[in-house]
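Contents: one structure, followed by commentary.
Each ligand, and each atom within it, is numbered from 1 in the order the structure gives.
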Amino acid sequence: MAKAGGCCFQIGYFLYTRTRIGYWYHQKEIKDARLKLNGEDHSKTDVTEFNNLSILPIPMLLDNYAYLIQDKQTNHSVLVDPGDPDKVLSVLENMNVVPDAILITHKHWDHSGGNVKLKTAFPTIRIYGGAMDHIPCVTHAVADGDVIKFGELTFTVIYTPGHTVGHIVYLLDGSHFDAPASLFSGDHLFLSGCGRMFEGTPTVMLRSLDKVSNLKENTLVWPGHEYAEDNLEFACNIEAENENAQEKLDWTKQKRIVKDCTCPSTIREEKSYNPFLRTGEKSVLQSIGMVTSSETTEITDTIRASALAEVRERKDQFKYKL
Ligand SMILES: [Zn+2]
């Protein structure tokens, strides 16, 4: 694969994100994923319920998750990142649900590629997305701090550039349901990982990661992909002594043997093992050779941004070794 910053990559990336070629490529990816998985889902998922709030991860493509979030008392519901529209439509039909809205985290087709077909199926549906990304069929462009509400489902938009220039995440307030908050983190934050920096510098990404890291520790994290096992293998490689990473990896391996979904995790858990949230930890900086054990250097944001770039680079290399 071409290197992320290379000329061939940039041309391919432009065609993927800004032209119809990207949409056709996405259609091929949906077909290829169905063939590869013999029509099965990549993961088994269950509904998580807190009183009248229900959250269902919908597996699609090779490792994506869309989400269906319902307020069962007021009968309002919302989809997050429904990249494969046929998969979502069959779930909605089985459950007899007509969604109010679609929340899109970013423009990549595996997240936004269902918008056209779902808008045709539900003409009055509202589609939310970041004002800075080029997302198809958006009816409501949103920005940092915007609050959007459907029945008692209240979401706050958090602007998290880095993976794309307009990436946003959605924080669902759980208080009405006596539930913790839920973060729908798209390709910004994964279980033990973060998105590749296609359109942002390490400094920009660091700021975006700090925003989610500062959320309440019991916030549930619902990411856009099932990457847990690979990511935790990498976390254990970076911090061999980190017991939290090893424990979560052991747990994840058990779940993945039977294809169980690994989400949600929590912000507290992520801060304990996710190397991309731990660039201020000496153990991570030592592991990547940025400080020695005897050094007492103050860990500035500049150092953390360099560490983030290095950890990201190592993760990209690590992936290809597996
Ligand atoms: Zn993406």
Side-chain angles (χ1 to χ4, degrees), residues 1-5 9-30 32-33 42-43 57-67 79-85 87-88 102-116 127-138 142 157-170 183-202 204-206 208-209 211-212 221-228 230-231 234 263 274 276 308 312-313 315-316 319:
M1 186 181 176
K3 210 168 156 35
F9 175 85
Q10 283 179 1
I11 292 168
Y13 185 76
F14 178 84
L15 294 173
Y16 172 73
T17 53
R18 302 293 289 272
T19 72
R20 291 291 294 177
I21 291 170
Y23 184 68
W24 296 329
Y25 180 76
H26 174 59
Q27 299 305 310
K28 185 177 175 309
E29 279 194 319
I30 291 175
D32 289 351
H42 62 74
S43 299
I58 305 173
M60 54 186 52
L61 291 139
L62 285 178
D63 46 37
N64 280 76
Y65 287 120
Y67 293 94
L79 291 162
V80 176
D81 285 355
D84 177 350
K87 184 68 206 287
V88 173
I102 297 172
L103 310 182
I104 298 291
T105 58
H106 67 295
K107 64 190 164 200
H108 291 157
W109 291 103
D110 56 324
H111 298 256
S112 66
N115 290 2
V116 173
I127 304 182
Y128 293 78
M132 300 280 285
D133 258 13
H134 293 83
I135 298 168
C137 300
V138 162
V142 285
V157 174
I158 305 173
Y159 180 45
T160 52
H163 179 66
T164 64
V165 71
H167 195 293
I168 55 178
V169 295
Y170 297 90
L183 180 71
F184 296 90
S185 59
D187 283 1
H188 177 52
L189 183 71
F190 302 124
L191 198 160
S192 192
C194 82
R196 293 175 72 189
M197 292 175 254
F198 289 123
E199 300 179 12
T201 63
V204 167
M205 184 56 122
L206 179 68
S208 297
L209 289 171
K211 283 187 186 177
V212 294
V221 179
W222 303 91
H225 290 266
E226 177 60 63
Y227 287 159
D230 182 18
N231 285 347
F234 175 69
C263 37
N274 187 330
F276 298 94
L308 182 62
R312 184 66 258 176
E313 178 64 28
K315 175 67 175 67
D316 295 345
K319 188 175 165 188

Taking atom types as modelled and ignoring hydrogens, do the side chains of His111 and Asp187 form a donor-acceptor contact shorter than 3.5 angstrom? yes
Round to 10° and report the angle made at the Zn ion (ligand 1) by OD2 of Asp187 and ND1 of His108. 170°
Pick from Lys315, His163, Arg312, His188: which one makes a side chain to side chain contact (heavy atoms under 4.5 Å, CB included) with Cys194? Arg312
Has [X] got an N, O or S atom lying less than 2.8 Å from the Zn ion (ligand 1)?
X      : answer
Asp110 : no
His163 : yes
His111 : no

My understanding is that only one of Tyr65, Phe276, Phe234, Phe190 makes a ring pair (Phe, Tyr, Trp, His ring centres under 6.0 Å) with Tyr227; could you say which? Phe190
Give a yes or no on whether the ring-centroid distance for His106 and His134 is below 6.0 angstrom. no
